A.B. asks: 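Here it is: the structure, laid out below.
None of the values given here were measured: they were computed from a predicted structure. Each residue takes its place number in the sequence, starting with 1.
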Amino acid sequence: MPIIGGLDIHRKQITFDYLDTATGEVRRGQIAPADREHLAAWLAGRFTGQNAHFAVEGCTGWRYVAEELAAAGITPHVAEPADVAALRGRKRHAKTDKTDSRHLRQLLADGRLPECWIPPSHILECRALLETYHDLRAEHTAWTQRIHAALFHQGAPQLGGQRLRTGEGLAALQAIAAAQLSPAGQLQVAVALDKLAALDRHLDVLRRRLLEAARQLAGARELHARLYGVGPITAVALVCWLGGADRFSSARKAVRFAGLDVTVWSSDRKGPPGRLSRQGPAVLRWCVYEAGKTHARGSAPDHGYYASVKDRIDGKRAAISEARKIIRQAVHILAELGDGALAAA
């Protein structure tokens with residue numbers, strides 16, 4: 001690798017540090033502002049005909065940086081931020097952009113860079129759709145809870161959460177608000193209903209896009225067909241974050257990646273043991289948890305295990321246990337498919 005470098009990405013600037021191994025010359029500096037146009041201009045012709053490799057942390061902004069590096073003929077390496085921080089060790093000096101870029105360059109040169117998988121562009125697009133869908137679902141739930149809180153705060157009759165999804169339930173809510181809520185309470189409910197209607201429109205658009213993606217991805221079709229409780233959207237999420245050849249050496253590592261592993265006590269942590277780590281993609285964790293809850297149905301193939309865990313502990317723990325099983329099964333299925341799981345029909 002004649003050229004080895006590191007890029008530290010921030011919203012205002014990108015700090016670079018690269019070494020020409022042939023001459024031993026090190027160059028440092030900044031690219032500002034940090035956008036695609038200025039990065040492409042900096043890269044243009046600078047490393048033409050050279051075997052260049054650059055490392056970046058997998059934080060916000062890595063996508064366009066990796067794409068521009070690849071377009072300029074440079075090999076991008078995306079690093080896991082938490083592992084990079086752990087390899088830095090104890091802080092002896094102030095942490096700066098210069099030291100971060102140099103640290104990335106040194107890890108890459110030493111062959112110790114904890115690299116992440118760089119998905120193809122259509123998988124990144126699906127991830128973005130899933131993240132937006134998840135955010136809208138969370139916001140939808142929050143506005144529904146605001147309606148229930150307004151009713152309870154003023155002593156009005158409560159409506160079941162599902163009733164707000166029907167025309168009859170909405171009519172009942174409007175009647176209760178007009179008769180039993182104060183003017184401010186009526187305005188609260190009216191605003192919440194307007195927000196829910198707008199969210200529903202956006203969710204419908206995203207849902208159609210995700211269902212189309214599920215029909216096109218070979219891995220999503222396979223998971224939807226073979227795993228109970230895994231719908232099209234959950235199947236897309238599993239492919240987007242777990243797909244690809246040789247992604248995980250074991251299913252246990254995939255469970256840890258999804259943040260569904262249980263923490264243990266260690267002297268360098270302040271968190272209590274026996275809780276989920278909740279690290280990794282929140283969208284994937286949400287999808288498989290919802291899929292795990294479907295095993296509460298008596299017709300589910302693993303209902304006996306779900307019921308035993310629920311009786312011994314509670315339903316939430318049972319759903320989490322089923323979610324872990326879904327992750328493990330999905331990893332084995334996707335390993336059989338290899339990179340073919342990411343292929344678009």
Side-chain angles (χ1 to χ4, degrees), residues 11 60 125-214 229-238 240-241 258-260 275-276 278-297 310 314-320 322-323 326:
R11 291 185 183 273
T60 302
E125 289 292 291
C126 288
R127 283 186 178 185
L129 292 176
L130 286 163
E131 288 165 352
T132 305
Y133 183 81
H134 176 247
D135 290 342
L136 291 179
R137 287 298 316 160
E139 189 174 351
H140 193 284
T141 300
W143 280 107
T144 302
Q145 291 172 343
R146 288 188 181 99
I147 291 175
H148 293 307
L151 294 176
F152 177 68
H153 192 54
Q154 299 199 26
Q158 293 295 303
L159 295 171
Q162 297 300 320
R163 289 192 63 189
L164 295 181
R165 297 177 179 271
T166 66
E168 180 184 353
L170 290 175
L173 173 62
Q174 291 170 348
I176 292 172
Q180 303 189 36
L181 297 186
S182 68
Q186 294 175 21
L187 181 60
Q188 282 182 299
V189 171
V191 170
L193 290 176
D194 286 343
K195 290 290 187 180
L196 289 175
L199 290 170
D200 284 332
R201 289 194 297 272
H202 293 305
L203 285 167
D204 287 341
V205 173
L206 285 168
R207 190 179 297 109
R208 287 195 294 270
R209 292 280 298 274
L210 289 170
L211 292 177
E212 180 63 25
V230 173
I233 294 178
T234 301
V236 173
L238 289 166
C240 285
W241 275 284
L260 290 172
R275 297 180 181 273
L276 294 183
R278 296 187 183 277
Q279 296 177 345
V283 182
L284 177 62
R285 194 160 51 248
W286 170 67
C287 285
V288 295
Y289 177 74
E290 294 296 322
K293 292 194 321 188
T294 63
H295 288 269
R297 303 168 185 166
K310 181 180 179 181
D314 57 38
K316 184 175 182 179
R317 188 71 61 86
I320 292 173
E322 293 293 346
I326 290 171

A.B. asks: I want to check something: taking the side chain as every heavy atom from C-beta on, are L238 and C287 in contact at a cut-off of under 4.5 Å?
C.D. replies: no
A.B. asks: Given side chains that start at C-beta, do those of L151 and L181 come closer than 4.5 Å, heavy atoms only?
C.D. replies: yes
A.B. asks: List the atom of L211, the atom of P232, and the distance in Å for their closest heavy-atom pair.
C.D. replies: CD2-CB, 3.6 Å
A.B. asks: With a 4.5 Å heavy-atom cut-off, do T141 and Q145 have their side chains touching?
C.D. replies: yes
A.B. asks: If you look at every heavy atom in R285 and A258, which pair is closest and at what distance?
C.D. replies: NH1-O, 2.9 Å
A.B. asks: Quick one: NZ on K316 to NZ on K293, what's the gap to the nearest 0.5 Å?
C.D. replies: 10.0 Å
A.B. asks: For the OH atom of Y289 and the OG1 atom of T234, what is their distance to the nearest 0.5 Å?
C.D. replies: 13.5 Å
A.B. asks: Quick one: CG on L196 to OG1 on T144, what's the gap to the nearest 0.5 Å?
C.D. replies: 4.5 Å
A.B. asks: Any side-chain heavy-atom pair from L159 and I147 closer than 4.5 angstrom?
C.D. replies: no
A.B. asks: Rounded to the nearest 0.5 Å, how far does CD1 of I326 lie from CD of E322?
C.D. replies: 6.5 Å
A.B. asks: Please tell me if the side chains of L173 and L193 come closer than 4.5 Å, counting only heavy atoms from C-beta onward.
C.D. replies: yes
A.B. asks: Can you tell me if E168 has over 12 outside heavy atoms packed within less than 6.0 Å of its CD?
C.D. replies: no
A.B. asks: Tell me every residue that passes salt bridge (Lys or Arg N to Asp or Glu O under 4.0 Å) with E125, counting only those two or more places apart in sequence or in another chain.
C.D. replies: R63
A.B. asks: What are the two closest heavy atoms between L130 and W241, and how far apart are they?
C.D. replies: CD1-CZ3, 3.6 Å
A.B. asks: Does the T294 side chain pair with the main chain of E290, one donor and one acceptor, at a distance under 3.5 Å?
C.D. replies: no
A.B. asks: Minimum heavy-atom separation for A178 and Q186, please, with both atom names.
C.D. replies: O-NE2, 3.6 Å
A.B. asks: According to salt bridge (charged side-chain N to carboxylate O under 4.0 Å, His left out), does anything in residues 198-209 pair up with another residue at least two apart or in another chain? List the pairs.
C.D. replies: D204-R207
A.B. asks: Do you see a donor-acceptor pair shorter than 3.5 Å between the side chains of Q154 and S182?
C.D. replies: yes
A.B. asks: Do you know which two heavy atoms are closest between C126 and L210, and how far apart they sit?
C.D. replies: O-CD2, 4.4 Å
A.B. asks: Which pair of non-hydrogen atoms, one from W143 and one from L199, has the smallest distance, and what is that distance?
C.D. replies: CD1-CD1, 3.9 Å
A.B. asks: With sequence neighbours left out, write down each residue that passes salt bridge (Lys or Arg N to Asp or Glu O under 4.0 Å) with E139, or none if nothing qualifies.
C.D. replies: none
